Undergrad: 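Before anything else, here's the structure in question.
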Amino acid sequence: MNQGILLGVIADDFTGASDVAGMLVHSGMRTLLTIGVPVAGVVDADADAVVVALKSRTVPADEAVRQSLAALAWQRGCGARHFYFKYCSTFDSTPKGNIGPVIDALMRELGTDFTIACPAFPVNGRTIYRGHLFVGDQLLSDSGMRDHPLTPMRDANLVRVLQAQLAQRVGLLRQDIVARGAAVVRNAIDVLRSEGVQVAIADCLADADLHVLAQACADMPLLTAGSGLALALPHVYRERGWLQPNPHAARLDPMVGPAAVISGSCSTATNAQVEAWRGAGLQALAIDPRALARGEPVVERAVNWARWRLDREPALIYATAGVAELQAVQAELGVAHSGELVESALAQIARSLVEGGVQRLVIAGGETSGAVVQALGVQALRIGPQICPGVPWTQAQGRPLWLALKSGNFGGPEFFLQALKLNLHAA
Ligand code: ADP
């Protein structure tokens, strides 16, 4: 029985959208992911959730607000009853936003005076204690995120980070409260509300905490979180009889055809993945941002290089660089300019490869994935099985084209090999 769309998710980047959609599918929710707000409002009649992928993380705040409100209006038009603003598990933002301004606008539009903010993703090592975000054993501010090209995160105290972006008062739902269960959390929220707090950073150390938060907050018109909470929510919907899980929610057409990896992330995890690929002796080509800036035909060269190789085995094309190299390029070319040059080049390369027959594409980097998916003209994605927590395979709706969109920080060193099922140890 189709019960209509239960949940509308607004994601601030494309990898985040595929991450959260993967979580919902994994928990049995039929989920459609649209790239941007669809022009014509046709929704899969069987979907329980619609995820709108925006590329709003690093655009000016008023533009992020405009896009997010457009997504909300579209989802409301589809009949969605609950809403979820999804941002990165490392809370990627700048002092100007965009997480705070978007939360503010969505709350106003939905007429709600309270929500939580919880980027935790314990299975991937993102935990929050006393409002401080940890990446594995390190505070966010000591992790590789300190040197992110676009959103360097140098303060791990999320109450302070979010307060700098919001006029409303930001508070904290402490872990010792969360550990005592949903009823205690609800009481604590009442207290926070009476103190004038409108957004509370929610501590979370383990999946059990996410389940408590989902139980305590599932009724709220708006939740804001990383993808972790989306793993817990469907269970609560089921307990309440709002959702009937679908065992085939993650089914895609069988994956076939030539494969390539495009990497524009400079995260610690992606650097290790590029190293592992090269270390395995697989074909790889580096893109030089300085050559792009000089106007050299870097894209054409890369496409020609790949054309002769892809029938034999997958190839990696990457701009991924270590911190020192990245900083040198950014100092020379400017942060925004170098980022745009690289994104645009990788997107053009991806489009040419797909036009040339590539059907399976692994893309590393949130902004990079956004640029590539837009260049490929993909409008909606079906969500398939997980490669690793946070990264599912997806299929472009109605096309024999499969995409894995990997947020920079995700995946172990062998992620690219794992995604393409390259069993090198047997070779
Ligand atoms: P992540 O998911 O790791 O944050 P993104 O793709 O979102 O990755 O962001 C990485 C940014 O860094 C992109 O704008 C990309 O174009 C840029 N970039 C990648 N490689 C380089 C490089 N060698 N020099 C300068 N900028 C780069």
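This structure is a prediction, so every number in the text was calculated from the model and none was measured. Indexing begins at 1, ligand by ligand and atom by atom, following the structure's order.
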Undergrad: Less than 4.5 Å apart, side chain to side chain, heavy atoms only: is that true for L7 and L24?
TA: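 Heavy-atom side-chain distance check passes, below 4.5 Å.
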Undergrad: Under the side-chain contact (heavy atoms from CB on, under 4.5 Å) test against Q75, which residue among I10, T34, I5, V51 passes?
TA: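 Exactly one candidate clears the test, I10.
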Undergrad: Taking NZ, NE, NH1 and NH2 as the nitrogens, is one of them in E296 or R301 under 4.0 Å from a carboxylate oxygen of the other?
TA: yes
Undergrad: May I ask you to identify the nearest protein heavy atom to atom 23 (N) of ligand 1, giving residue, atom name and distance to one decimal place in Å?
TA: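 Closest protein heavy atom to atom 23 (N) of ligand 1: A319 O, 2.9 Å.
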Undergrad: Look at the aromatic rings of H235 and H211 and report parallel, tilted or perpendicular, splitting at 30° and 60°.
TA: tilted
Undergrad: Considering only non-hydrogen protein atoms, determine which one is nearest to atom 12 (O) of ligand 1 and report residue, atom name and distance to 0.1 Å.
TA: P149 CG, 3.5 Å
Undergrad: Does the distance from a Lys or Arg side-chain N to an Asp or Glu carboxylate O, for D104 and R108, drop under 4.0 Å?
TA: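 Counted as a salt bridge, because a side-chain N and a carboxylate O are separated by less than 4.0 Å.
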Undergrad: Got a salt bridge between K86 and D12, using NZ or NE/NH1/NH2 to carboxylate O under 4.0 Å?
TA: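 A salt bridge is absent here (no side-chain N lies under 4.0 Å from a carboxylate O).
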Undergrad: Can you tell which part of T368 has a heavy atom less than 4.0 Å from ligand 1: side chain, backbone, both or neither?
TA: both
Undergrad: Going by the atom numbers of ligand 1, which of them fall below 4.0 Å from some non-hydrogen atom of G366?
TA: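 It comes down to these atoms of ligand 1: 1 (P), 2 (O), 5 (P), 6 (O), 7 (O), 8 (O).
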Undergrad: For F83, which of L106, T112, L110 qualifies under side-chain contact (heavy atoms from CB on, under 4.5 Å)?
TA: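 Going through the options one by one, the only one that passes is L110.
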Undergrad: Could you check atom 3 (O) of ligand 1 against the protein and tell me its nearest heavy-atom contact, residue, atom and distance included?
TA: S265 OG, 2.7 Å
Undergrad: Does an N or O from S407, backbone or side chain, lie closer than 3.5 Å to an N or O of ligand 1?
TA: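 No; every N/O pair is 3.5 Å or more apart.
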Undergrad: Does the N or O separation between G339 and ligand 1 drop below 3.5 Å for any pair?
TA: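 Right, the criterion is met.
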Undergrad: Evaluate ring pair (Phe, Tyr, Trp, His ring centres under 6.0 Å) for F121 paired with F410, printing each intermediate quantity in order.
TA: CA-CA 11 Å; F121 194 178; F410 286 176; 5.6 Å; yes
Undergrad: Kindly determine whether E63 and S56 satisfy side-chain hydrogen bond (donor to acceptor under 3.5 Å, both in side chains), including the steps that lead there.
TA: CA-CA 7 Å; E63 175 58 16; S56 57; over 6 Å; no
Undergrad: Starting from atom 7 (O) of ligand 1, locate the nearest protein heavy atom and write down its residue, its atom name and how far away it is, to 0.1 Å.
TA: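 For this ligand atom, the closest protein heavy atom is E367 N, 2.7 Å.
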Undergrad: What protein heavy atom sits nearest atom 19 (C) of ligand 1, and how far off is it?
TA: G264 O, 3.1 Å
Undergrad: Ignoring hydrogens and angles, state whether a donor on the side chain of S344 or Q348 is under 3.5 Å from an acceptor on the partner side chain.
TA: yes
Undergrad: Would you mind listing which atoms of ligand 1 come within a distance below 4.0 Å of any non-hydrogen atom of G408?
TA: 1 (P), 2 (O), 3 (O)
Undergrad: Quick one: which ligand 1 atoms are inside 4.0 Å of a heavy atom on V329?
TA: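 It comes down to these atoms of ligand 1: 24 (N), 25 (C).
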Undergrad: Report the part of P289 (side chain from C-beta onward, or backbone N, CA, C, O) that has a heavy atom under 4.0 Å from ligand 1; answer both or neither where that applies.
TA: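 For P289, only side-chain atoms sit under 4.0 Å from ligand 1.
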Undergrad: Please list the nearest protein heavy atom to atom 8 (O) of ligand 1 with its residue and the distance rounded to 0.1 Å.
TA: G365 CA, 3.4 Å
Undergrad: Does the N or O separation between L150 and ligand 1 drop below 3.5 Å for any pair?
TA: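 N/O-N/O distance under 3.5 Å: no.
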Undergrad: Hey, which atoms in ligand 1 end up nearer than 4.0 Å to a heavy atom of C266?
TA: 19 (C), 20 (N), 21 (C)
Undergrad: Can a donor-acceptor pair be found between the side chains of K406 and T270 at a distance below 3.5 Å?
TA: yes
Undergrad: What part of L326 sits under 4.0 Å from ligand 1 if we count only heavy atoms: the side chain, the backbone, both or neither?
TA: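 Side chain only.
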Undergrad: Give a yes/no on ligand 1: does H148 have at least one heavy atom closer than 4.0 angstrom to it?
TA: yes
Undergrad: If I apply the N/O under 3.5 Å rule, does E343 come out as touching ligand 1?
TA: yes
